[in-house]
A.B. asks: 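Structure in structure tokens, see below.
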Number of protein chains: 2
Amino acid sequence: MREEKEIFGKYLSRHNFRDTPQRELILDVFLKSKEHISAEELYDIVKKLDPSIGQATVYRMLKLLAEAGLAREVDFGDCVKRYEYNYNQPHHDHLICRGCGKTVEVVDDVIEEMQKRVAEKFGFELTDHAMYLYGLCENCRKKRTNKFVLTTYFVF
Amino acid sequence: MREEKEIFGKYLSRHNFRDTPQRELILDVFLKSKEHISAEELYDIVKKLDPSIGQATVYRMLKLLAEAGLAREVDFGDCVKRYEYNYNQPHHDHLICRGCGKTVEVVDDVIEEMQKRVAEKFGFELTDHAMYLYGLCENCRKKRTNKFVLTTYFVF
DNA sequence: ATAATATTGAGAATGATTATCATTTTCTAT
DNA sequence: ATAGAAAATGATAATCATTCTCAATATTAT
């Protein structure tokens, strides 16, 4: 936590950006937040602690955090940008349940390696990737079996 | 082309949806379109052929096509829904150049298999996935090398 | 043909995000 | 410490893709 603040502080001074109480508060809240927080969700928490903070500042701050390498943008396909803590965290992708929305962080070295090779096969140098695996978790599979044995579309 | 229209026709009658000239025109244009077309792009073509067609109809039609299995939704991360032709097309993912936006359709059996296994490892039954590999194509790499030898961020 | 119902087009509404801009705050050089 | 330059803020308007609403129209089964 202290370390992250230092990193952010260095990022600010390196870019001639300024250290403000708003940024400090938002950083605090972000570091304590649960994974995959959206700007709106973060703003809801922040404004309880300081109602004078505007939501534009929260949006701006999340962008800064991503640029500083402390946050990573994730997109579960609903067109809402979510941010997860990214400092000293190993890279991972996401497994998401189509039934209940539960997410699991996953990583597989073979996949990572093959991605690099596929890119190279087409003359690309891989910079990054987005991989989201969608499925049904155990619970939701049980629900489906009981209620809709013949259903082919998963609509709960 | 005839086959796709039949499939769509069956889809309509199966759901008690109606066959309208608007739907026929939009289907025609979609089938002739190049890959990864957005609703807006499709609408631009359609309205040249029949200016009386509203854009809501195009949006509605793309949703129908996806439900009928003729189109597949793809999302390159810019929050614009794009649709690609999906009938009798083998599944594939996308490799996208961060420099110029060029896309390549790719598929790798090892990755596909490992995705299934990863999901199973966590008790999930994989239903589908989204995988986008981002990188720099050969051309854009050359540009970068020439102009910004020491740059670590790829901003063209 | 008719009735029932689906579809349409225009425009309003939405929802997340960004831009604008006057005001306030921070930093740096004195 | 303080002034002056530059950056940040908050309120609000704007944006953009998409969806909704609804009255008018078109399609289909009878």
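Note on naming: letters A, B, ... go to the chains in the order of the sequence lines (proteins, then strands), and numbering restarts at 1 for each one.
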A.B. asks: Judged by each residue's nearest nucleotide on DNA chain D, which is more toward the 5′ side, A56(B) or N16(A)?
C.D. replies: N16(A)

A.B. asks: Within the structure shown, what part of the strands sits under 4.0 Å from R60(B) by heavy-atom distance: base, sugar-phosphate, or nothing?
C.D. replies: base

A.B. asks: Just to be sure I understand the rule, does S38(B) reach a base, reach only the sugar-phosphate, or reach nothing, if contact means heavy atoms closer than 4.0 Å?
C.D. replies: nothing

A.B. asks: Measure the distance from CG on D19(B) to P on dT7(C) and round it to the nearest whole Å.
C.D. replies: 10 Å

A.B. asks: Using the side-chain heavy atoms of K63(B), tell me which of these nucleotides is nearest: dT19(D), dT18(D), dA5(D).
C.D. replies: dT19(D)

A.B. asks: Would you mind classifying the nucleic acid contact of K47(A) as base, sugar-phosphate or nothing, using non-hydrogen atoms under 4.0 angstrom?
C.D. replies: nothing

A.B. asks: Just the rounded figure in Å: distance from P of dA26(D) to CD of Q22(B).
C.D. replies: 9 Å

A.B. asks: Expressed in angstrom and rounded to an integer, what is the separation of I26(B) atom CD1 from dT7(C) atom C1'?
C.D. replies: 11 Å

A.B. asks: Please report, rounded to the nearest Å, how far the C1' atom of dA17(D) is from the CG atom of D44(B).
C.D. replies: 13 Å

A.B. asks: Judged by modelled atom types alone, do Y83(B) and E41(B) share a side-chain donor-acceptor pair under 3.5 Å?
C.D. replies: no

A.B. asks: Given dA7(D), dT17(C), dA17(D), which nucleotide is nearest the side-chain atoms of Y59(B)?
C.D. replies: dA17(D)

A.B. asks: Take atom CG of L25(B) and atom C1' of dT7(C), then tell me their distance rounded to the nearest Å.
C.D. replies: 15 Å

A.B. asks: Just to confirm, is there a sub-4.0 Å distance from OP1 or OP2 of dG9(C) to any side-chain nitrogen or oxygen of T57(B)?
C.D. replies: yes

A.B. asks: Looking only at side-chain atoms of F17(B), point me to the closest of dT26(C), dT18(D), dT7(C).
C.D. replies: dT7(C)

A.B. asks: Taking OH from Y43(A) and P from dT12(D), how many angstroms apart are they, rounded to a whole number?
C.D. replies: 11 Å

A.B. asks: Write down the distance between CG (L12(B)) and C1' (dA6(C)), rounded to a whole number of angstrom.
C.D. replies: 11 Å

A.B. asks: Check the distance between dC16(D)'s C1' and R82(B)'s CZ and give it to me in whole angstrom.
C.D. replies: 14 Å

A.B. asks: Tell me if the aromatic rings of F76(B) and H94(B) count as close, with their centers under 6.0 Å from one another.
C.D. replies: yes

A.B. asks: Does a donor on one side chain and an acceptor on the other come within less than 3.5 Å for H91(A) and E105(A)?
C.D. replies: no

A.B. asks: At under 4.0 Å between heavy atoms, what does P51(A) touch on the DNA or RNA strands: base, sugar-phosphate, or nothing?
C.D. replies: nothing

A.B. asks: Between E40(B) and Q55(B), is any side-chain donor less than 3.5 angstrom from a side-chain acceptor?
C.D. replies: yes

A.B. asks: Parallel, tilted or perpendicular: which describes the rings of F17(B) and H15(B), with under 30° parallel and over 60° perpendicular?
C.D. replies: parallel

A.B. asks: Measure from the side-chain heavy atoms of S52(A) and tell me the nearest of dG10(D), dT25(C), dT9(D).
C.D. replies: dG10(D)

A.B. asks: Looking only at N and O atoms, is any donor in the side chain of R23(A) or the base of dA8(D) less than 3.5 Å from an acceptor on the other one?
C.D. replies: no

